[in-house]
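First up is the structure itself, then whatever we jot down about it.
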Amino acid sequence: MFNLFKQRSKVSAPLMADITVADVEIGGMPRLMVSRIPLAYYLVSLMEDYCSENLFFHLEATFYTASGPSMSPEQLEAHASHIFKTYLEPDSLFEVNVDFKLRKQCQEALESKTDLAKIFELPAKHIFGLLEASYIKFLRGPYAAKLRLEQDGATDIAVTAKSRDEVMAVIVSRLREQGSHGKLVDPEAAEKRAVSLQHMVAEFCRTVLDVPVEKSLEMIRSSKPPAERTNSPRLKKK
């Protein structure tokens, strides 16, 4: 996955400026997409609905389109091929829901190497519509309610170590509970998807929350699966 937020300011300090959930409610999806903690909880909401690939595709496609002028024809082709195979190729592990016509147009553009800089504009626009529907559900759900309570109408907020650790714990827990995609009956494909999703989420956490990929992966892999937690031995009452 590309550095989804390469154009964001690089911040390494413990405290980072962020956009509040109140600001997100006023500014809509454009504000959510440049937030930190709200966007991270939005990802969790998407994961619960098994459609996190919509966000990943839109972020990658948007970055690809914005970076097109600075890439060579070879780089454009390589990146376009990666995105197509990951999200648009039929039966790919992270296939997004776009109609046949859009998919075919992208495939033909990739094969002919024609107008590659704009190849994903229409599919990304379509997926953005799906993300907006999920955004409405997110605002009505428990994660946005949690942020409203914590931020109490604030217009200026900072990402603290505590808020970052809290959302990371929720992301890791959701990732472990989700496991592989329910539609995949092939165990090998399911395992491949699960591992790939771990890396995609880790890259997301790096670019949005400034959490190193290695740390995210360590947290994901060291957390216990739900079955192991459920079946853990209990102390007998005397």
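Sequence positions, counted from 1, serve as the residue numbers for this chain. Since the structure is predicted, the reported quantities are computational estimates derived from the model, not experimental observations. Just the heavy atoms: all of them, side chains too, but no hydrogens, waters or symmetry mates, feed the values below.
When side chains are defined from C-beta on, Ser216 does not count as touching Arg206, because their heavy atoms never get closer than 4.5 Å. For the pair Arg193/Ser196, no side-chain contact is recorded, criterion being any heavy-atom separation below 4.5 Å from C-beta on. With a 4.5 Å cut-off on side-chain heavy atoms, Pro38 and Leu147 count as touching. Side-chain contact between Ile19 and Arg36 is absent, with no heavy-atom pair separated by less than 4.5 Å. Taking 4.5 Å as the limit, every side-chain heavy atom of Tyr41 sits out of range of all side-chain heavy atoms of Ile171. In this structure, Tyr135 and Leu130 have side chains that are not in contact, with every pair of non-hydrogen atoms separated by 4.5 Å or more.
The OG atom of Ser134 sits 5.0 Å away from atom CG of Leu46, with the distance rounded to the nearest 0.5 Å. Rounded to the nearest 0.5 angstrom, Glu89 CD and Phe84 CZ are separated by 6.0 Å. A distance of 10.0 Å separates CD in Glu203 from CG in Leu217, rounded to the nearest 0.5 Å. Atom CZ of Arg221 sits about 10.5 Å away from atom CG of Leu175, to the nearest 0.5 Å. Distance SG/Cys106 to CD/Glu121: 10.5 Å, rounded to 0.5 Å. Note: Gln107 CD to Ser112 OG = 10.5 Å, rounded to the nearest 0.5 Å.
Of the possible donor and acceptor atoms, one in the side chain of Ser70 sits under 3.5 Å from a partner among the backbone N and O of Ser67. Looking at His126, its side chain does come within 3.5 Å of a backbone N or O of Asn97 through a donor-acceptor pair. Not a single donor-acceptor pair under 3.5 Å links the side chain of Gln151 to the backbone N or O of Arg148.
Here the shortest heavy-atom pairing between Phe57 and Ile83 reads CE1-CG2, 3.8 Å. The two atoms that bring Ala80 and Ile119 nearest to each other are CB-CG2, 4.4 Å, heavy atoms only. Looking at every heavy atom in both residues, Leu43 comes nearest to Ser52 through CD1-CB, 3.8 Å. Residues Leu131 and Leu55 approach most closely at CD2-N, 3.8 Å, considering heavy atoms. In terms of heavy atoms, Asn54 sits closest to Ile127 at O-CG2, 3.4 Å. Scanning both residues, Pro69 and Ala66, for their nearest heavy atoms gives CD-O, 3.6 Å.
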Notebook entry, point to check: Between Leu39 and Phe204, is a side chain to side chain contact (heavy atoms under 4.5 Å, CB included) present by the stated rule, with each step listed?
Noted result: CA-CA 10 Å; Leu39 185 60; Phe204 175 92; 3.9 Å; yes
Item checked: Val208 vs Arg164, side chain to side chain contact (heavy atoms under 4.5 Å, CB included): CA-CA, chis, key distance, verdict -> CA-CA 10 Å; Val208 176; Arg164 187 165 49 187; over 6 Å; no
Next item on the list: Take Val96 and Leu88 through the test side chain to side chain contact (heavy atoms under 4.5 Å, CB included) and record every step on the way to the result.
Entry: CA-CA 6 Å; Val96 294; Leu88 297 176; 3.7 Å; yes
Notebook entry, point to check: Please walk me through it: do Asp18 and Ser35 pass side chain to side chain contact (heavy atoms under 4.5 Å, CB included)?
Noted result: CA-CA 6 Å; Asp18 195 13; Ser35 67; 4.0 Å; yes
Note to self: What verdict does the side-chain hydrogen bond (donor to acceptor under 3.5 Å, both in side chains) test give for Ser163 and Thr160, after you've listed the backbone C-alpha separation in whole Å, the side-chain angles of each residue and the deciding distance to 0.1 Å?
What the structure shows: CA-CA 5 Å; Ser163 63; Thr160 64; 3.3 Å; yes
Next item on the list: Let me see the working for Phe138 and Tyr143 under ring-ring contact (aromatic ring centres under 6.0 Å, His included), right down to the final yes or no.
Entry: CA-CA 7 Å; Phe138 165 72; Tyr143 301 120; 7.2 Å; no
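Between Glu218 and Lys215, no side-chain nitrogen of the basic residue sits less than 4.0 Å from a carboxylate oxygen of the acidic one, so the salt-bridge criterion is not met. Comment: Glu177 engages Arg174 in a salt bridge, judged by a side-chain N to carboxylate O separation of less than 4.0 angstrom. Taking the charged nitrogens against the carboxylate oxygens, Lys146 and Glu166 do have a contact shorter than 4.0 Å, which makes a salt bridge.
Annotation: salt bridge (Lys or Arg N to Asp or Glu O under 4.0 Å) contacts involving residues 99-116, sequence neighbours excluded, comprise Glu77-Lys113, Glu95-Arg103.
Considering Glu60, His58, Glu53, His82 in turn, Glu60 is the only one that fulfils the side-chain hydrogen bond (donor to acceptor under 3.5 Å, both in side chains) rule with Tyr87. Applying side chain to side chain contact (heavy atoms under 4.5 Å, CB included) to Val172 and the options Ile220, Val167, Val201 leaves one that passes, Ile220.
A chain of hydrophobic side-chain contacts below 4.5 Å, direct or via other Ile, Leu, Val, Met, Phe, Trp or Tyr residues, connects Ile136 to Met47.
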